[in-house]
Amino acid sequence: MAPAGIAPDALDRPHFIGIGGAGMSGVAKVLVQRGARVAGSDSKDSPIVAALRELGATVHLGHAAGNVASDATSVVVSSAIRADNLELVAARERGIPVVHRSDALAALMDGHRPIAVAGTHGKTTTTSMLAVSLRTLGLDPSYVIGGDLDAPGSSAEHGGGEIFVAEADESDRSFHKYAPEVAIILNVELDHHANYASMDEIYDSFRTFVERVRPGGTLVISADHDGARELTAQLAGREGLRVLTYGEAADADVRVLDVVPHGLTSEVTVRFAEALGGGEVTFTVSVPGRHYAHNAVAALAAGAALDVPARDLAPAIASYTGVKRRLQLKGTAAEVQVIDSYAHHPTEIAADLEAIRGGAGEGRVLVVFQPHLFSRTQELGAEMGEALALADASVVLDIYPAREDPVPGITSDLVIDAARHHGADVTAEHDRSAIPGLIAGMAKPGDLVLTMGAGDVTDLGPEILARLQTRRARSALRSPASRES
């Protein structure tokens with residue numbers, strides 16, 4: 001059964017514009033696995049595109065009107081696709097239905113027991129934890145995540161079970177399309193400034209999302225985060241909605257009693273309210289940081305809402321070992337670890353730096369930071385800079401524009417000036433190609449290097465490792481032992 005506005009056969013032969021994107025590729029993959037004849041286009045080849053082709057999707061490189069097949073039943077777009085895209089223009093001229101990615105995802109969830117994970121931060125991690133742990137328990141969920149778990153194309157899977165876990169994006173209000181049995185709200189903050197002008201608009205949007213929860217369904221929401229608590233208060237008295245809170249607050253239904261770091265892992269102890277059966281559970285989270293521990297507890301609470309016993313789900317969460325770009329270890333060279341972080345909002349930056357500090361030991365934490373979006377930097381650049389002061393040293397690149405046009409006067413200097421104001425050791429670098437050599441010259445054995453941001457800064461990790469390895473080789477050649485031999 002297709003959601004309102006989508007013809008029943010619209011997703012039989014869909015064409016995806018930007019099919020290799022993190023959000024689009026997952027929906028495309030599940031459709032292929034369900035038997036749809038999927039096609040699409042992307043600006044460049046990639047491992048994700050290769051994985052889709054391997055499954056049977058037809059993928060064109062570059063955008064052209066002729067890429068859209070004559071028998072396409074729909075053209076699927078995301079909010080990032082511009083109105084003048086040649087394939088989108090062709091679809092409209094030919095009368096082919098244009099379907100937003102969120103509507104396609106809503107159609108995939110229909111007939112299942114959906115869990116929709118929302119919040120300003122932590123959506124991908126929490127969705128991934130749920131998907132992995134439920135798979136570990138043999139429940140065979142379907143899922144669509146905004147990032148790859150291990151290999152390219154692992155951001156989604158069509159499962160045979162009744163549960164469907166999906167990341168719910170608030171950035172463009174597309175999460176209003178879903179009707180989950182369980183909604184998770186991790187936190188509520190002002191972000192996505194191109195679409196939201198105030199916290200009042202944010203609260204209004206999240207209330208609309210909660211109103212879409214199925215009658216008798218459950219809202220799992222943070223008991224610690226100020227914005228989440230305010231939203232909970234605004235929802236008080238709503239009939240047909242069960243609310244489960246989690247966190248360190250004394251009144252949390254699933255209360256975090258302790259988070260004990262062990263290098264790049266954590267041991268978490270929680271207590272369940274009597275209404276949930278009571279008792280305590282201790283389990284391991286295989287990624288560092290208190291915020292990731294809270295993501296795991298949100299997943300645990302969602303499992304309780306679906307009657308998945310905590311004594312089973314808690315140890316299964318330990319099978320989650322991370323998702324690409326969420327404090328992902330890219331490698332080690334010259335005794336320097338290089339880690340990739342997707343953090344781009346000040347709260348995320350601070351949380352990841354605090355998390356990684358616990359695993360750094362005596363080493364320093366060095367950051368290569370790339371601000372993401374002109375609108376976000378305009379509103380939050382000062383806070384980004386303040387968060388970077390938690391690092392021992394930072395190198396800041398130019399703003400990654402993504403879908404935005406430049407804004408006069410808005411540059412990465414907003415971040416750099418704020419970081420220096422808070423005592424940070426920060427270097428501006430406009431030449432991206434200079435970064436590997438710069439970092440290789442700064443890093444010492446035992447240091448941790450973070451490539452941080454939502455743009456293409458992630459591509460620098462392997463280049464930094466290669467330069468570190470070259471430095472090590474040259475150092476070995478200059479060593480006394482080498483000269484004696």
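- Annotation for Met199 and Glu189: closest pair SD-C, 3.8 Å, computed over non-hydrogen atoms.
- The two residues Leu353 and Ala391 come nearest to each other via the heavy atoms CD1-N, 4.1 Å.
- Gln234 places a side-chain heavy atom less than 4.5 Å from the side chain of Tyr203.
- Within 6.0 Å of CZ in Arg238 there are more than 12 heavy atoms belonging to other residues, nucleotides or ligands.
- The salt bridge (charged side-chain N to carboxylate O under 4.0 Å, His left out) test with Lys177 singles out one residue from Asp103, Asp172, Asp110, and that residue is Asp103.
- Between the side chains of Ser142 and Glu157, no donor-acceptor pair of N or O atoms lies under 3.5 Å.
- With a 4.5 Å cut-off on side-chain heavy atoms, Asp12 and Arg37 do not count as touching.
- Between Val396 and Leu388 the shortest side-chain heavy-atom distance falls below 4.5 Å.
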### Residues Glu162, Arg113; criterion salt bridge (charged side-chain N to carboxylate O under 4.0 Å, His left out); working and verdict
CA-CA 6 Å; Glu162 61 181 358; Arg113 302 181 68 189; 3.3 Å; yes
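- In this structure, the side chain of Thr332 does not engage the main chain of Glu335 through any donor-acceptor pair within 3.5 Å.
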### Message
Using the rule given for side chain to side chain contact (heavy atoms under 4.5 Å, CB included), can you reason through Leu397 versus Phe369, listing the C-alpha separation, both sets of side-chain angles and the distance that settles it, and then say yes or no?
### Response
CA-CA 6 Å; Leu397 291 162; Phe369 179 64; over 6 Å; no
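- Contact check for Val213 versus Thr218: no side-chain heavy atoms found under the 4.5 Å cut-off.
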### Query
Please walk me through it: do Arg357 and Asp392 pass salt bridge (charged side-chain N to carboxylate O under 4.0 Å, His left out)?
CA-CA 10 Å; Arg357 175 70 67 191; Asp392 291 292; 2.9 Å; yes
### Task
Evaluate the criterion side-chain hydrogen bond (donor to acceptor under 3.5 Å, both in side chains) for residue pair Thr265 and Thr284; output intermediate values, then yes/no.
CA-CA 7 Å; Thr265 68; Thr284 298; over 6 Å; no
### Task
Applying side-chain hydrogen bond (donor to acceptor under 3.5 Å, both in side chains), run through Ser222 and Tyr246 and close with a yes or a no.
CA-CA 5 Å; Ser222 171; Tyr246 72 92; 4.6 Å; no
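- Closest approach of Thr126 and Ala299 over heavy atoms only: CG2-N, 4.3 Å.
- Here the side chains of Met129 and Val287 are in contact, with some heavy-atom distance below 4.5 Å.
- In terms of heavy atoms, Asp140 sits closest to Gly160 at OD2-N, 2.7 Å.
- Atoms CD1 and OG, from Ile17 and Ser43 in turn, are 12.5 Å apart once rounded to the nearest 0.5 Å.
- Side chains of Tyr178 and Ser102: a donor-acceptor N/O pair is absent below 3.5 angstrom, by distance only.
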### Message
Checking Val27 against Phe16 for the side chain to side chain contact (heavy atoms under 4.5 Å, CB included) test, could you report, in this order, the C-alpha distance in whole Å, the side-chain angles of both residues, the deciding distance, and whether it holds?
### Response
CA-CA 9 Å; Val27 175; Phe16 285 75; 4.0 Å; yes
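- Results of the side chain to side chain contact (heavy atoms under 4.5 Å, CB included) test with Met24 over Ile48, Asp42, Val76, Leu105 single out Val76 as the only residue that passes.
- Taking CG of Leu329 as the start and CD1 of Ile339 as the end, the distance is 5.5 Å to the nearest 0.5 Å.
- The shortest distance between side-chain heavy atoms of Phe283 and Leu300 falls below 4.5 Å.
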### Task
Determine, step by step, whether Lys444 and Asp447 satisfy the salt bridge (charged side-chain N to carboxylate O under 4.0 Å, His left out) criterion, reporting the C-alpha distance in whole Å, the side-chain angles of both residues, the deciding distance to 0.1 Å, and the verdict.
CA-CA 6 Å; Lys444 301 174 182 178; Asp447 288 349; over 6 Å; no
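- Tested against Glu181, the residues Ile115, Ile163, Leu306 include a single side chain to side chain contact (heavy atoms under 4.5 Å, CB included) partner, Leu306.
- With Val117 as the fixed residue, the side chain to side chain contact (heavy atoms under 4.5 Å, CB included) test singles out one of Asn295, Thr127, Ile185, Val182: Thr127.
- Within 6.0 Å of atom CG in Asp45, more than 12 heavy atoms from other residues, nucleotides or ligands are found, so the atom counts as buried in its surroundings.
- Using a 4.5 Å cut-off on side-chain heavy atoms (C-beta onward), Val338 and Leu468 make contact.
- The pair Glu383-Arg376 fails the salt-bridge criterion, with no side-chain N (NZ, NE, NH1 or NH2) lying under 4.0 Å from an Asp/Glu carboxylate O.
- Under 4.0 Å is where a charged nitrogen must lie from a carboxylate oxygen, and between Arg229 and Asp226 no such pair does.
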### Query
Which is it for Glu167 and Thr124 under the side-chain hydrogen bond (donor to acceptor under 3.5 Å, both in side chains) test, yes or no, and what are the steps along the way?
CA-CA 6 Å; Glu167 187 171 332; Thr124 298; 2.9 Å; yes
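- The pair Glu54-Lys29 does not count as a salt bridge, with every side-chain nitrogen at least 4.0 angstrom from each carboxylate oxygen.
- In this structure, His372 and Tyr400 have parallel ring planes: the angle between them is below the 30° cut-off, well short of the 60° mark.
- Here Phe206 and Phe175 bring their ring centres to under 6.0 angstrom of each other.
- Here CZ of Phe209 is found 11.0 Å from CG of Asp169. Values are rounded to the nearest 0.5 Å.
- A donor atom on one side chain and an acceptor atom on the other are found under 3.5 Å apart for Thr269 and Thr282.
- For Tyr292 and His294, the distance between ring centers is not under 6.0 angstrom.
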### Query
Can Glu248 and Arg290 be said to form a salt bridge (charged side-chain N to carboxylate O under 4.0 Å, His left out), step by step?
CA-CA 11 Å; Glu248 298 180 32; Arg290 206 170 196 88; 2.7 Å; yes
### Task
Tell me, with the steps shown, if His100 and Ser174 meet side-chain hydrogen bond (donor to acceptor under 3.5 Å, both in side chains).
CA-CA 9 Å; His100 192 275; Ser174 61; 5.2 Å; no
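- The number of heavy atoms from other shown groups lying within 6.0 Å of CD (Glu230) is above 12.
- A donor atom on one side chain and an acceptor atom on the other are not found under 3.5 Å apart for Thr451 and Thr458.
- Separating the CG atom in Leu231 from the CG atom in Leu219 is a distance of 7.0 Å, to the nearest 0.5 Å.
- The shortest heavy-atom contact between Ala418 and Gly381 is CB-O, 4.3 Å.
- At least one side-chain heavy atom of Pro141 sits less than 4.5 Å from a side-chain heavy atom of Arg135.
- For the atom pair NE2 (His344) and CG (Leu380), the distance works out to 10.0 Å, reported to the nearest 0.5 Å.
- Contact detail for Ile439 and Ile464: the closest heavy-atom pair is CG2-CG2, 3.8 Å.
- To the nearest 0.5 Å, the span separating CZ on Arg255 from CG on Asp258 amounts to 11.0 Å.
- Aromatic ring centroids of His291 and His121 lie 6.0 Å or more apart.
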